[in-house]
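Presented below is the structure to which this report refers.
Numbered from 1 within each chain, the chains take letters A, B, ... in sequence-line order. Quantities reported herein were computed from a predicted structural model and do not represent experimental measurements.
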Amino acid sequence: MLHPGRGGVRRGPGDHQGHGRGRADEDRPRGLRQLGAEQRDADQRGAEQQRPAKPNRRHHRPGPREANTFPKGTHMTEQTTKTDERDYDEYRVVQDLGGWKRTHSCSQLTAANVGEEVTIMGWVQFRRDHGGLIFIDLRDREGLTQTVFSPEVAPEAHERAHAIRIEYVVALRGIVKPRPEGMTNTSMHTGEIEVYVTEWKLLNTSDTPPFPIEDRVDAAEMLRLKYRYLDLRRPRLARNFILRNKAAQSVRRYLDSLGFLEIETPVLTKSTPEGARDFLVPSRVNQGMFYALPQSPQIFKQLLMVGGLDRYFQIVKCFRDEDLRADRQPEFTQIDIEMSFPDEEQIMGMAEGLVRTLFAETIGVALPAAFQRMSYKQAMDEYGVDKPDVRFGLKLVDVKDIFVGGGFKVFAGAPMLKAIRVPGGLELSRKEIDDYTEFAKIYGAQGLAWIKVKEDGEWQSPIVKFFSEDEKAKLAERLGMVPGDIVFFQAAPADVTNASLGNLRLKLGERFGLIDEKAYAPLWVTDFPLLEYDPEDKRWVAKHHPFTSPQPGQMDTIASDPGGALARAYDLVLNGNEIGGGSIRIHTPGAQKAMFSALGIGEQEAEEKFGFLIEALKFGAPPHGGIAFGLDRIIMLLTGSKSIRDVIAFPKTQKAACQMTEAPNVVDNRQLRELGIRLREKVAEAAPEETKNEA
RNA sequence: GGAGCGGUAGUUAAGUUGGUUAUAACGCCGGCCUGUCACGUCGGAGGGCGCGAGUUCAAGUCUCGUCCGCUCCGCCA
């Protein structure tokens, strides 16, 4: 893996000189090299010691270097044109700040500053060297400023500026001047002015970056992640983190104003058996024992309520050892909130205020005064998913009853049969329909039935020949079918029907341009089932978590009808994304025990795993409840990012690895021995000898 | 655990039914240039196609394996 250096000489650690751009010094006996040459030679020796010479094919450069291996004079006449080449390394001596202070950021200067002497510092974005005038666009996280080096204004500064390259770090001092008539750049915030540099300091050089530091460049994500610190310099990412900070501060201000206390909870905590896989941390002091990283601070925030602290919040890292997605990372950030003596309305009202404030203060969007609400049942019935995107229609319609006992076995015998009518869908090509069929199969569907209603009203479909006239009539009426439509059907088990049609609906919404990209449609989904059946474990598990309170009276029927019990839980959905969820919690030991029992967790097991919680509930736990928001997902929505990685400073790849640090990695056997851990043979092969760990 | 897509100069990509010396643009290095702003212009260097086998007279192109990245299903109380 070669570094994209500019010259033939590799730089070692601590070498700030930036030599190695051109050929080695001895190739060019010119006056330029007097300054700082000694220093450089010393550095070079140091660098070579630390980094043994490696054949570097890339930087092989024929020319004077080879010429010099000939006896002096033999070929020199032929080389004379080449010896005019210059080496700017003498100017690439890194300087101290020497007391210089920044007066402005790179986005600040406007016509109002004309005539001022300013000092700006940052990275070189572009260099336009005209031989005479040199233009440098200087970048910091805020923006760009054009600077001018003129031989008439400052000859020394101008001469040295020939050495400046992209991503060099410089401090520029100069006078703000209006740009000449007709030379303003309207696409730049600072486009009315330019800074005439009078003196400047080179604060650091830079190797050529592996990819350009510009938004318009589409570098491979692997590369961006390996050089994440360079990726972060790009305006798009910088903007994301500036906004993320704004959002976090907005949350703090809002919750603080309502009396919520920001309290930290442990990161080294106890494994919880329910839910996602835990990340485990071995204990050295207690060999053979493990901490777990929190999947959420759920139990701690409840205990803070038992502790009488009344209102808590935390912007907190949570960890789940599950597979990654475009919107899922193994460590992510939650806005975690809990309050005492609330009902659902209070929490939802507080949460709406929070989200409304957040959107107003970050992107200036006014969300509706009251968010739309929908029961879980309605969401599943009409949208097939528990996080509907309500920016558009195309609702799912249950048509099972029409075909019960009918002649078309696929429909008549289906556990669930739903249809989705798409106005204008007549234009879909065979290929598109086939693609949608493949799409449906991802969710376990066997196929995808369809009917096109042609302009003359005739139905075109591979399946209508199996329908009776009565079925056709009822179907047309139920769906309101008109010419130009296509109707898709899914006949399958409930989960497959809902998932395939629910997700197809989203694709169709996009295909037919039904989604207003600028709209924000928040939606509360309420009345979730308390439990859901896990066919793998063959038992009922908590849909939300086992501390969620059932709705009044639901506990009584839980044994007879576990699937029918409803929870005091609510999710906040925005444009089809789940951005938050919470519940009123169980706050009496009796109810909590009953819940564990319903989940098939025995008294002894409950005692071992959650004994401290049950005990706490015995000591006057107040009624309490809360909510948690996925901060990363909210920032994704606010910034329009397609990937959660674009809103996390140092994210992990799909294999949960960090391209930059190469975490996770093997550790010394010594470290393992201290922890009382021995790796199984197969794994141990990859582990290093204990003495060999690279620094 | 599974499905799909991808890996070719520093980067982004092209590369035909396997066939001379693997293309281009940008970037890089150097020359020239006093009004550019993704400056221009002239010249130059730079890769053997993720890695490993195999088929073949011949492999970037075909086969198998493997590694890495992305999207998705499962999973994510």
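The closest side-chain donor-acceptor pair between A:R92 and A:Y168 falls under 3.5 angstrom.
Nucleotide B:C75 has no partner under the Watson-Crick or G-U criteria, as no pair reaches both atom distances under 3.5 Å. Under the Watson-Crick and G-U wobble criteria, each requiring two contacts below 3.5 Å, nucleotide B:G43 is paired to B:C29. With a 3.5 Å ceiling on both atom-pair distances, B:U61 lacks any Watson-Crick or G-U wobble partner. Across every strand in view, B:C49 sits unpaired, with no contact that passes the Watson-Crick or G-U test at under 3.5 angstrom. Pairing for B:U56 is absent, judged as Watson-Crick or G-U wobble with the two contacts each under 3.5 Å. Across all strands shown, B:C70 pairs with B:G4; the Watson-Crick or G-U wobble distances both stay below 3.5 Å. Partner assigned to B:U17 is none, using Watson-Crick or G-U wobble distances below 3.5 angstrom.
One can place CZ of A:R127 at 14 Å from C1' of B:A38, the figure rounded to the nearest angstrom. One can place CZ of A:R139 at 15 Å from P of B:A38, the figure rounded to the nearest angstrom. Taking atom CZ of A:R179 as the reference point, atom P of B:C39 lies 13 Å away to the nearest angstrom. Distance A:R224 CZ to B:U12 P: 11 Å, rounded to the nearest Å. B:G30 atom C1' lies 13 Å from atom CG of A:D89, rounded to whole Å. In this structure, the CD1 atom of A:I213 is 17 Å from the P atom of B:A38, given to the nearest Å. Across the protein-nucleic acid pair, A:I134 atom CD1 and B:C37 atom P stand 16 Å apart, rounded to whole Å. In this structure, CZ of A:R633 is placed 14 Å from P of B:C76, rounded to the nearest angstrom.
A distance-only check finds no donor-acceptor pair linking the side chain of A:Q490 to the backbone of A:Q446 [under 3.5 Å]. With hydrogens and angles disregarded, no donor-acceptor distance shorter than 3.5 Å links the side chain of A:T147 to the backbone of A:V197. For the pair A:R160 (side chain) and A:Y91 (backbone), a donor-acceptor distance under 3.5 Å is absent. Listed for the A:R127 side chain is a donor-acceptor partner under 3.5 Å among the backbone atoms of A:I164. The main-chain N or O of A:A567 is found under 3.5 Å from a side-chain atom of A:Q551 such that the two form a donor-acceptor pair.
Taking atom P in both B:G65 and B:G4, the straight-line distance is 13 Å, to the nearest Å. Here, B:G47 and B:U11 have their C1' atoms 13 Å apart, quoted to the whole Å. When the P atom is compared between B:A13 and B:U71, the two are found 16 Å apart, to the nearest whole Å. Across the P atoms, B:A45 and B:U36 are found 32 Å apart, a figure rounded to whole Å. Nucleotides B:C33 and B:G15, compared at atom C1', are 37 Å apart to the nearest Å. Here, B:G35 and B:U16 have their P atoms 46 Å apart, quoted to the whole Å. B:U66 and B:C28 are spaced 41 Å apart, taking the P atom of each and rounding to whole Å. For the P atoms, the distance linking B:U23 with B:G6 amounts to 24 Å, nearest Å.
Checking A:E152 against A:P546, the closest nucleotide of RNA chain B that is more toward the 5' end is the one next to A:E152. Sequence order on RNA chain B of the closest nucleotides to A:A276 and A:G132 puts A:G132 first from the 5' end.
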Determine all donor-acceptor pairs shorter than 3.5 Å in which one atom belongs to a side chain in residues 655-662 of chain A; sequence neighbours excluded.
| unit_1 | atom_1 | unit_2 | atom_2 | d |
| --- | --- | --- | --- | --- |
| A:T661 | OG1 | A:A663 | N | 3.2 |

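You'll find a donor-acceptor pair under 3.5 Å spanning the side chain of A:E194 and the base of B:G35, going by distance alone. You won't find any donor-acceptor pair under 3.5 Å spanning the side chain of A:D323 and the base of B:C75, going by distance alone.
More than 12 heavy atoms of other residues, nucleotides or ligands sit less than 6.0 Å from atom NZ of A:K270.
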Using atom names, set out every protein N or O paired with an N or O of nucleotides 67-70 of chain B below 3.5 Å, distance rounded to 0.1 Å.
| unit_1 | atom_1 | unit_2 | atom_2 | d |
| --- | --- | --- | --- | --- |
| B:C68 | OP1 | A:K655 | NZ | 3.2 |
| B:C68 | OP2 | A:K655 | NZ | 3.2 |
| B:G69 | OP1 | A:T653 | OG1 | 2.8 |
| B:G69 | OP1 | A:Q659 | NE2 | 3.1 |
| B:C70 | OP1 | A:Q654 | N | 3.4 |
| B:C70 | OP2 | A:Q654 | N | 2.7 |
| B:C70 | O3' | A:R645 | NH2 | 3.0 |

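Which of B:G35, B:C37, B:C28 sits closest to the side chain of A:Y196 comes down to B:G35. Closest contact between the side chain of A:I442 and the listed nucleotides B:U34, B:C72, B:U36 involves B:C72. Side chain of A:R216, nearest nucleotide from B:G35, B:A38, B:C72: B:A38. Nearest nucleotide to the side chain of A:P180, out of B:G35, B:U11, B:C75: B:G35. The side chain of A:P151 lies closest to B:U34 when the candidates are B:U34, B:A38, B:C28.
For A:K593, the salt bridge (charged side-chain N to carboxylate O under 4.0 Å, His left out) test picks out no residue, with sequence neighbours left out. Residues passing the ring pair (Phe, Tyr, Trp, His ring centres under 6.0 Å) test with A:Y533, sequence neighbours excluded: A:W540. Not counting sequence neighbours, the partners of A:H158 by the ring pair (Phe, Tyr, Trp, His ring centres under 6.0 Å) test are A:H162.
For B:C39, one of the phosphate oxygens OP1 or OP2 lies less than 4.0 angstrom from a side-chain nitrogen or oxygen of A:R128. Residue A:R328 places none of its side-chain N or O atoms closer than 4.0 Å to OP1 or OP2 of B:U71. Residue A:R325 has a polar side-chain atom (N or O) positioned under 4.0 Å from OP1 or OP2 of B:C73.
For the segment residues 493-502 of chain A, no residue has any heavy atom less than 4.0 angstrom from an atom of RNA chain B.
Within the model, atoms CG of A:L613 and CZ of A:F596 stand 6.0 Å from one another, a figure rounded to the nearest 0.5 Å. Rounding to the nearest 0.5 Å places OG1 of A:T437 at 11.5 Å from CD1 of A:I442.
Nucleic acid contact class of A:S296 (heavy atoms, under 4.0 Å, all strands): base. In this structure, A:D129 reaches the bases: a heavy-atom distance under 4.0 Å links it to at least one base atom across the strands shown.
Under the stacking criterion of a centre-to-centre distance below 5.5 angstrom and an interplanar angle below 30°, A:H130 is not stacked against the six-membered ring of B:U36. Residue-nucleotide stacking is present for A:F135 and B:U36, judged by a side-chain ring centre under 5.5 Å from the six-membered base ring centre and planes under 30° apart.
In this structure, B:G30 is classed as anti because its glycosidic torsion departs from zero by more than 90°.
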